[in-house]
Asker: 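Before I ask anything, let me first share the structure, which is written out below as structure tokens.
Proteins come first, then strands; the chains are lettered A, B, ... in the order of their sequence lines, and each starts at number 1.
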Protein chains: 2
Amino acid sequence: MTDVPARERLMDAAVEAFAERGFHATTTRDISTRAGMSPAALYVHHASKEQLLYEISSAGHQNTRNMILAAYASTADPVDRLATIHFEFSKWHAVHSKRARVVQYEISALTPEHRKEVAGYRRDIERVYRDAIAEGVEKGVFEVDDVPGTALALISMAIDLVRWYQPDGPRTPDAVGHLYADLALRAVGATRS
Amino acid sequence: MTDVPARERLMDAAVEAFAERGFHATTTRDISTRAGMSPAALYVHHASKEQLLYEISSAGHQNTRNMILAAYASTADPVDRLATIHFEFSKWHAVHSKRARVVQYEISALTPEHRKEVAGYRRDIERVYRDAIAEGVEKGVFEVDDVPGTALALISMAIDLVRWYQPDGPRTPDAVGHLYADLALRAVGATRS
DNA sequence: GTCTATATGAAGATAGAC
DNA sequence: GTCTATCTTCATATAGAC
């Protein structure tokens with residue numbers, strides 16, 4: 001039935017545990033037990049607890065960065081572009097709310113080198129938002145005073161989903177994505193076409 | 001010079017430490033050392049590390065709840081009301097970004113009883129936002145499809161400030177408050193008066 | 001690659017002197 | 001109310017058998 005390799009089972013177990021209790025409150029015993037293994041088995045597949053976090057964090061950051069870069073490239077219309085970016089980014093945080101919680105909230109537990117790497121991905125994401133908004137302003141379809149500040153506010157809205165979104169709650173990830181995309185267009189004063 | 005009681009010095013030190021490293025990564029030695037005391041001194045003034053967190057969390061939650069209840073009561077105009085609520089709430093998270101980080105992100109480290117208490121304060125805050133938006137819709141000055149969802153999105157925007165706001169960054173707390181209040185009015189489709 | 005057993009270190013909290 | 005010293009527990013990670 002379950003043919004998932006031990007290495008992945010451990011990563012999934014770590015996501016669950018880190019999301020529920022946080023990195024520092026999670027024990028390696030908890031992770032290995034959730035994966036159905038002894039405490040020692042973890043170290044056959046992952047060098048350390050931090051390494052496990054890094055793998056989760058790095059993959060998640062690359063995922064989201066690539067996703068919104070693709071959203072950016074998918075259209076040249078500023079309204080469609082911002083809506084698509086924010087729809088995808090918000091929806092991802094709803095669909096993967098547990099994983100995203102680890103990705104977004106456990107950065108300080110990474111080693112300085114690993115933290116530096118993910119900081120780069122985060123800068124990319126912020127730049128995509130800023131560019132998408134700035135272009136709409138330039139083309140006269142958005143009206144925004146503080147472009148970087150508005151970009152951060154939109155990113156905040158999506159990221160903070162991981163703090164409260166419940167898969168069994170009243171909103172589907174799609175519904176959240178559409179609501180948030182609409183809020184983004186309102187936030188930039190988009191002229192409807 | 002410094003006439004701050006030991007009890008408060010420890011609370012301030014705990015805020016700093018919890019904000020920088022998180023509750024679980026913070027040691028009681030770290031807290032007492034920051035307050036200029038021995039590890040044992042902490043327990044003269046606070047029953048446990050969790051109790052210290054609870055005192056910080058409870059006070060912060062009551063603070064913000066009372067603040068936005070006052071903002072709600074300060075005017076009956078829906079536009080002014082939502083703008084004031086969101087200005088105050090956002091500004092608070094910028095001014096007290098360290099303390100707010102502890103208040104917002106360490107809830108899961110509280111005991112179930114303490115967590116239950118602060119959950120009540122949080123419900124109050126969400127209700128104020130929902131009511132403020134719903135009234136604007138009823139009076140025909142706001143246009144919102146999903147009132148609770150929009151309320152959560154605005155709260156998210158403000159709370160997420162604690163993840164990135166830097167006191168020495170380009171924006172003053174007042175500037176953030178004004179920007180966010182403006183974004184809130186746009187988000188609800190407010191008709192300018 | 002999995003296990004049992006354990007080395008090693010550090011954390012929360014307390015004892016008891018001053 | 002502060003200190004030094006320490007108890008006790010538990011965590012990460014490793015050793016070595018199978």
Side-chain angles (χ1 to χ4, degrees), chain A residues 1-58 102 105-115, chain B residues 1-58 102 105-115:
Chain A
M1 298 280 264
T2 54
D3 205 20
V4 183
R7 184 187 161 77
E8 275 183 49
R9 282 217 315 283
L10 284 162
M11 280 191 64
D12 291 344
V15 167
E16 294 271 328
F18 292 161
E20 282 176 23
R21 313 155 106 68
F23 176 80
H24 290 290
T26 297
T27 68
T28 52
R29 274 174 174 75
D30 184 12
I31 297 168
S32 50
T33 301
R34 281 177 197 248
M37 295 174 222
S38 75
L42 188 151
Y43 294 92
V44 174
H45 303 281
H46 302 275
S48 67
K49 193 171 86 158
E50 190 278 337
Q51 181 67 28
L52 207 35
L53 173 64
Y54 165 67
E55 286 157 16
I56 295 163
S57 186
S58 180
V102 180
Y105 286 170
E106 301 293 352
I107 293 175
S108 69
L110 294 169
T111 63
E113 290 73 25
H114 291 159
R115 197 156 56 234
Chain B
M1 298 280 264
T2 55
D3 205 19
V4 183
R7 185 187 161 76
E8 277 183 49
R9 282 217 316 281
L10 284 162
M11 281 191 64
D12 292 344
V15 167
E16 294 270 327
F18 292 161
E20 282 174 24
R21 312 156 106 70
F23 176 80
H24 291 290
T26 297
T27 68
T28 53
R29 279 172 174 75
D30 183 11
I31 297 169
S32 50
T33 301
R34 282 177 196 247
M37 293 176 224
S38 75
L42 188 152
Y43 293 92
V44 175
H45 303 281
H46 302 276
S48 67
K49 193 172 87 158
E50 191 276 338
Q51 180 69 26
L52 207 35
L53 172 64
Y54 165 67
E55 287 156 16
I56 295 163
S57 186
S58 180
V102 180
Y105 287 170
E106 301 295 350
I107 293 175
S108 69
L110 294 169
T111 64
E113 290 73 27
H114 290 160
R115 198 155 55 233

Asker: Taking only the side-chain heavy atoms of B:Val44 (C-beta and beyond), determine which of D:dG1, C:dA13, D:dT4 contains the nearest atom.
Answerer: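 Nearest nucleotide to the side chain: D:dG1.
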Asker: Evaluate the side-chain proximity of B:Phe23 to B:Lys49: yes if any heavy-atom separation is below 4.5 Å, no if none is.
Answerer: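 Counting from C-beta outward, B:Lys49 and B:Phe23 do come under 4.5 Å.
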Asker: Got more than 12 heavy atoms from elsewhere within 6.0 Å of CZ, A:Arg21?
Answerer: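 No, CZ of A:Arg21 has 12 or fewer neighbouring heavy atoms, counting only those of other groups under 6.0 Å.
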Asker: Rounding to a whole Å, what distance do you find between A:Lys49:NZ and D:dA11:P?
Answerer: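 Those two atoms, NZ and P, are 9 Å apart.
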Asker: Round to a whole Å and report the spacing from CZ of A:Arg21 to P of D:dA11.
Answerer: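 Rounded to whole Å, this separation is 10 Å.
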Asker: Heavy atoms under 4.0 Å, any strand shown: does A:Ala40 hit a base, just sugar-phosphate, or nothing?
Answerer: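 Base, at least one base heavy atom under 4.0 Å.
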Asker: Atom CG of B:Leu10 to atom P of D:dC3: distance rounded to whole Å?
Answerer: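 Interatomic distance, CG of B:Leu10 to P of D:dC3: 10 Å.
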Asker: B:Gln51 has an atom CD; how far is it from atom P of C:dG12, in whole Å?
Answerer: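 Rounded to whole Å, this separation is 16 Å.
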Asker: Taking only side-chain nitrogens and oxygens of A:Thr28, does any of them come within less than 4.0 Å of OP1 or OP2 of D:dT12?
Answerer: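 For D:dT12, OP1/OP2 do have a side-chain N/O of A:Thr28 under 4.0 Å.
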Asker: Return the 5'-most residue of the pair A:Arg29, A:Gly36 with respect to DNA chain C, ranking by each residue's nearest nucleotide.
Answerer: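 Its nearest nucleotide being more 5', the pick is A:Gly36.
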Asker: Pick out which of B:Val4, B:Ile31, B:Ile56 makes a side-chain contact (heavy atoms from CB on, under 4.5 Å) with B:Met11.
Answerer: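 By the side-chain contact (heavy atoms from CB on, under 4.5 Å) criterion, B:Met11 pairs with just one of B:Val4, B:Ile31, B:Ile56: B:Ile56.
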Asker: Report yes if at least one side-chain N or O of A:His45 is closer than 4.0 Å to OP1 or OP2 of C:dT2; otherwise report no.
Answerer: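 Indeed, a polar side-chain atom of A:His45 lies that close.
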Asker: Rounded to the nearest Å, what distance is computed from the CG atom of residue A:Asp30 to the P atom of nucleotide D:dA11?
Answerer: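 Checked: the CG to P distance equals 9 Å.
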Asker: Whole-Å distance between D:dT12 P and B:His24 NE2?
Answerer: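 Checked: the NE2 to P distance equals 13 Å.
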Asker: What does A:Ser32 touch in the nucleic acid at a heavy-atom separation under 4.0 angstrom: a base, only the sugar-phosphate, or nothing?
Answerer: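 It contacts nothing in the nucleic acid.
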Asker: Going by heavy atoms in the side chains, are B:Gln51 and B:His114 under 4.5 Å from each other?
Answerer: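 With C-beta onward as the side chain, the pair touches.
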Asker: Counting only side-chain nitrogens and oxygens, does B:Tyr43 get under 4.0 Å of the OP1 or OP2 atom of C:dA13?
Answerer: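 Indeed, a polar side-chain atom of B:Tyr43 lies that close.
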Asker: Look at the side chain of B:Ser38 and decide which nucleotide, out of C:dC3, D:dT4, D:dA13, has an atom nearest to it.
Answerer: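 Comparing C:dC3, D:dT4, D:dA13 against the side chain of B:Ser38, the answer is D:dT4.
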Asker: Less than 4.5 Å apart, any side-chain heavy atom of A:Glu113 and any of A:Tyr54?
Answerer: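 Contact flag for A:Glu113/A:Tyr54 side chains = no.
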Asker: Using the side-chain heavy atoms of A:Ser48, tell me which of these nucleotides is nearest: C:dC3, D:dA13, C:dT14.
Answerer: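 Of the candidates, D:dA13 comes closest.
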Asker: Which whole-number value in Å describes the distance from A:Arg9 CZ to C:dT2 C1'?
Answerer: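 Checked: the CZ to C1' distance equals 11 Å.
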Asker: Could you state the atom-to-atom distance from CG of B:Leu42 to C1' of C:dG12 in whole Å?
Answerer: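 Taking CG of B:Leu42 and C1' of C:dG12, I get 10 Å after rounding.
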